[in-house]
Every structure is written in structure tokens, then in C-alpha cells.
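Counting convention: from 1, in listed order, for ligands and their atoms alike. Residue numbers count from 1 along this sequence.
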Amino acid sequence: YKFYSANEPEIHAPQSPSLYPFVVADLPGRGKGLVATRDIAQGELVLREPPLFLVPPSISEEPAPLIWRLLQMVSAPADREAFLNLSYVHFPEVLDPAAYPEEVALAIFQTNAVKAGDGVGIFPRMARINHGCSSAFNVVYTWREREHALFVHALKNIRKGQELLTTYTDTKRSRQERRSFLWQQYGFECACAVCSLHAAALQASDERLTRISRHYTYLATWGHGKINGVEAISTINKIWELEDEEGYWSERGRLAADGAWIAAAHSDAAAVRLWAQLAIKWYIIELGHGSDLIREVEQAAGYPEQHPAWGSREPTKIGRPPAGSLDGVLTTNHS
Ligand SMILES: C[S@@+](CC[C@H](N)C(=O)[O-])C[C@H]1O[C@@H](n2cnc3c(N)ncnc32)[C@H](O)[C@@H]1O
């Protein structure tokens, strides 16, 4: 594993199925899914998987024959079988699957493929992870070009016996919007812990998620000079607070890195350091130590004045990260 430097805990990534911290189980109403076989700590790498095959961002041939052709290029019969065993939805009822293998392969691809860099890929183990909305998903995946593999990390502590859930879509929207998307795209009615909330709790969650989403839109206007740095940072803090209330912890590395960017633009070195440290903390949890994005924010934390955005806006003293958000930054143990 020459890609890793010696101090990276990911070198301990489970490499054989018998060492994975989960099993594939039949789960009523949701087909198969992954269930933790031991407690998994936040930030732990639960799976590292190379693609069975990748489909480039733009293709010039019909999708079904293309998927079929790529599948035939997979050399190990067991791997081809793993693909063909995956679940699929939206196959025309009038067609006999046995008579249309290429269409079946396309349906499997559409139900299971995930984004991998510019293209999309098939990862048969990862493909068994079911979906949960906002606070319900507990693992996140990320593609690493350099390692040519998908990395799945625990976003939260997961208890033995709990199901591993990821998110198939941006769930920062109301239950109704999420559910109609999931039904159309993946053919299931989401009954995750968030979608199963009742009355007041459901309404509160819907409101938080739509507010978070609106705050993100507002934050983006800083880029066009529509809001000043203080407003932008205060928006990040509002998002952070709402996400704490909701239990939505994903994308925080990126959000904190945006904070560092804004602080650098307004020449507030102390704020750059703090936001960059917060970004490092969450990037490590969500993406792992080996992620290239971490190198960027480490650079910002160490040398704020060399940040690419440094001094591009009027100098301002900018807001700091939310109270408590940097707790544990120096002591977090991800092994
Ligand atoms: C990528 S596969 C996940 C693994 C799948 N359960 C299996 O048996 O292979 C996606 C499909 O799983 C099912 N699924 C995923 N999340 C679900 C959920 N929260 N509730 C019910 N079904 C779900 C849907 O049928 C969906 O089309």
C-alpha cells in the first residue's frame, strides 16, 4: 500500500470480507442491507472497494449494450455474478428478464451505480448499503482517484446490530420532496427514522432542513459579493447550529473549509486557522486521512496568508466557528 504514509490509520482498512465490521443481511421490506457486527467508531473506515467497472461521464453508444460490454470485460466470473445478483427496480413488467439480459444489466446499473470522480462506478459490496435521510444515515462514501477506490467512513458512532445507512440524494429538503425523489429514482417508499417522525417532530425536521438549504443558497451569494464576510460566516454558524439540532453531520468539512476561505479573503488569519482546523476534523471523519482535500486545509491552517483567497476582499474581523465545534480536535482518535 505504497499510497499511504506510515502514520495513516487507513493502512488498517479491512481487506478481506471476514474482517469487515458488517455482514450482508436480509432485512424485511428493504431487500439486503449491511448490519454492523461490532461497534464502529465515528471516522472509522468501514470499507475500501475498487470498482467492478467505471462508466465515463459522456458515452457515445446506447447505455444497455455499453453496460453489458463493460460487464463482459470483468475477468473474474465471481465478480460478474456479484453484479448480476444486485437488486434492481423499474424493469418493465411486460419484459421477461431472462430474455433481456442487457436491459437487466442496465437496470442493475441504474439502481446501484454511484458517482466516482467524473464518472459513475459499480461497487458490489457498497451497493448493499440502504438509504436513510438527514440524521438517519451513518456512513458516507467518497471516491479517491489516486487509490482508484471508493472509501466508506462512519459519519457517526454505530452500534453492533445497527444497519449501515448512507444517503442516495441531498436530503436537505422536506420529507415529501425526498420521498417522491426516492420513489421515482429507486422505487421505494422511505420509512427511515426521519421519514417516520410524527406531527410536530416531522414538521420541525422539515423546517430545519429547508432552512439549512436556504441558508446554503444565501451563503453562495458571498461569492458574487452580495453579502459581506460577517454575514457569510454568521450564515455558516446558523447552518451548523440547525444541523446540530437536526443531527445532520455530513458535508461539514466542506462547510468549514468555506469558512476558512471567507476568513482568508477578509485577511483574518486567526479565523482562517480555526475554520481550517474544523475542516480538518470533519474531513478526517468523512473522507479519511488520505484525502487530498485535507492537504489543502492543512496548508491553510499552517499558512493562512498563503491561502489562494487571501486579501481578495476588504479586511474584516470575521466570526469564529461555533462554540464547542473544535472540541477534541487535538485528541480525536480515528483508528
Ligand atoms: C443500492 S440498492 C441497496 C441494497 C438493496 N437493498 C439490495 O437488496 O441489494 C438500492 C435499493 O435498495 C432498496 N432500499 C434502499 N434503501 C431503502 C430503504 N430505506 N427502505 C426500503 N428500501 C430501500 C430499494 O429497493 C433500492 O432500489
- Message: Would R208 pass as a cation-pi partner of Y248, given that its NZ or CZ must be under 6.0 Å from the six-membered ring centre and within 45 degrees of the axis?
- Response: no
- Are the side chain of K281 and the backbone N or O of Y283 linked by a donor-acceptor pair below 3.5 Å? no
- Item | Ring-face cation contact, W222 with R313, 6.0 Å cut, 45° max | yes
- Message: Can you list everything that forms a side-chain hydrogen bond (donor to acceptor under 3.5 Å, both in side chains) with E296? Sequence neighbours excluded, please.
- Response: none
- Message: Students often mix this up, so state it plainly: with edges at 30° and 60°, are the rings of F53 and F109 parallel, tilted or perpendicular?
- Response: parallel
- Item | Between E163 and N130: side-chain donor-acceptor atoms closer than 3.5 Å | yes
- Write down, by chain and number, every protein residue that brings a non-hydrogen atom to less than 4.0 Å from an atom of ligand 1. G29, R30, G31, K32, S87, V89, T111, N112, A127, R128, I129, N130, H131, Y168, Y186, F188
